Amino acid sequence: MATATAAKLVFLLVALVAASSSCSAWGLSGLRMPTERAVQAAAERLVEGADAAAPLIHALRPLVGSAGDLGRRGGVPCDSWRLAVETYNKRDWKTVPAKCEKYVGNYMMGGHYRSDSRAVVNEAIAYAESLKLGGNGKEVWVFDIDETSLSNLPYYATHGFGTTLYNSTSFNEYVLEGSAPVLPETQRLFNKLKSLGIKPVFLTGRTEDQRAITVANLRRQGYSGWMNLLLKPAGFKATAIAYKSGERQKLQDAGYVIVGNIGDQWSDILGAPEGARTFKLPDPLYYIG
């Protein structure tokens, strides 16, 4: 009996370490998913000091199997819902379905989200490396910020992983903390483009009055050397597609060639001029039309 109990404890500890490793691989200040309190305490004693500084974002218990498995439990088609979102077949939605909160949470905090993002960025880098640049320094690549360059997962983890209605007041309070962590796959693309001579341009739905904190947040997370940071004027009422396509048109009118464009929302990459190639990062947390 004692041997069996010990074996179960070892199994649970291994599961905890595996879950922690998949999350900390993001580099998002230790996105860890705790398991049973006693097991977690035992694990902490075994690795005392190894991860003491890592803050807990959300007490979401790790689940056996993939996020897709969770999406099918009890007949909940959350994986199909996410597919419809990512393919832009489902539009104008306000919140993540309540029954999909754990599915989205496990997807975002586990290794699946990063591996999906890595696949996108690998394709973007392969494309960028294939380009023949004009040599005049006019090639630019447009980057969105939220859920593209910086992650707001610490905020959404405390707001039901998108299952609660968007609250601009509380979200803007979070933005003004300037604490959003980096999304490392996007940063990898950002740095590669600079090494190739392609100028990064940030084009965000954040407003002009958030410029100082946005610059500070980007720099704190290791972004530097961008050509421009384009923010929306306060009170600007156009749709995201109209605003962002209009800003890209201004870049083109100024003689720049938009060789690439990456964002987490379809509204980041739709609307002429889109750029020579567009890349869509995963985001099942919210929809911006």
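Note that the coordinates shown come from a computational prediction; the quantities given were computed from them, not determined experimentally.
- Remark: side-chain polar atoms of Lys244 are not paired, donor with acceptor, to backbone N or O of Thr204 under 3.5 angstrom.
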Quiz item: Yes or no on side chain to side chain donor-acceptor pair (under 3.5 Å) for Gln187 and Asn191, after CA distance, side-chain angles and deciding distance?
Solution: CA-CA 6 Å; Gln187 191 170 65; Asn191 290 333; 4.9 Å; no
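- Under the 4.5 Å side-chain heavy-atom criterion for Ile, Leu, Val, Met, Phe, Trp and Tyr, Met109 and Leu183 are members of the same hydrophobic cluster.
- Considering only residues two or more places apart in sequence or on other chains, Gln265 meets the side-chain hydrogen bond (donor to acceptor under 3.5 Å, both in side chains) condition with Asp283.
- In summary, the aromatic rings of Tyr223 and Phe202 are positioned with their centroids under 6.0 Å apart.
- Both tests pass for Arg82 against the ring of Tyr107: distance under 6.0 Å to the centre and angle within 45° of the axis.
- Classification of the Tyr174-Phe171 ring pair by plane angle, with boundaries at 30° and 60°, yields tilted.
- Residues Trp93 and Trp81 bring their aromatic ring centres within 6.0 Å.
- Taking the six-membered ring for Trp and thresholds of 30 and 60 degrees, Phe279 and Tyr127 have ring planes inclined between 30 and 60 degrees apart.
- Taking a cutoff of 4.0 Å between a charged side-chain nitrogen and a carboxylate oxygen, Lys280 and Asp264 do not qualify as a salt bridge.
- A distance-only check finds no donor-acceptor pair linking the side chain of Arg220 to the backbone of Val215 [under 3.5 Å].
- Remark: Lys199 pairs with no residue by the side-chain hydrogen bond (donor to acceptor under 3.5 Å, both in side chains) rule, at least two apart or across chains.
- At least one donor-acceptor pair under 3.5 Å links the side chain of Gln221 to the backbone N or O of Val182.
- Between the Thr214 side chain and the Gln210 main chain, a donor and an acceptor come within less than 3.5 Å of each other.
- Judged by distance alone, the side chain of Glu101 and the main-chain N or O of Phe161 form no donor-acceptor pair under 3.5 Å.
- Between Trp141 and Phe143, the ring planes are tilted. Angles from 30° to 60° get that label.
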Exercise. Kindly indicate, with the supporting measurements, whether the criterion side chain to side chain contact (heavy atoms under 4.5 Å, CB included) is fulfilled by Arg206 and Asp146.
Key: CA-CA 9 Å; Arg206 294 189 180 196; Asp146 295 296; 2.7 Å; yes
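- A donor-acceptor distance shorter than 3.5 angstrom exists from the side chain of His159 to the backbone of Tyr155, with no hydrogens or angles considered.
- The six-membered or imidazole ring of Tyr286 lies near that of Tyr156, with a centre-to-centre distance under 6.0 Å.
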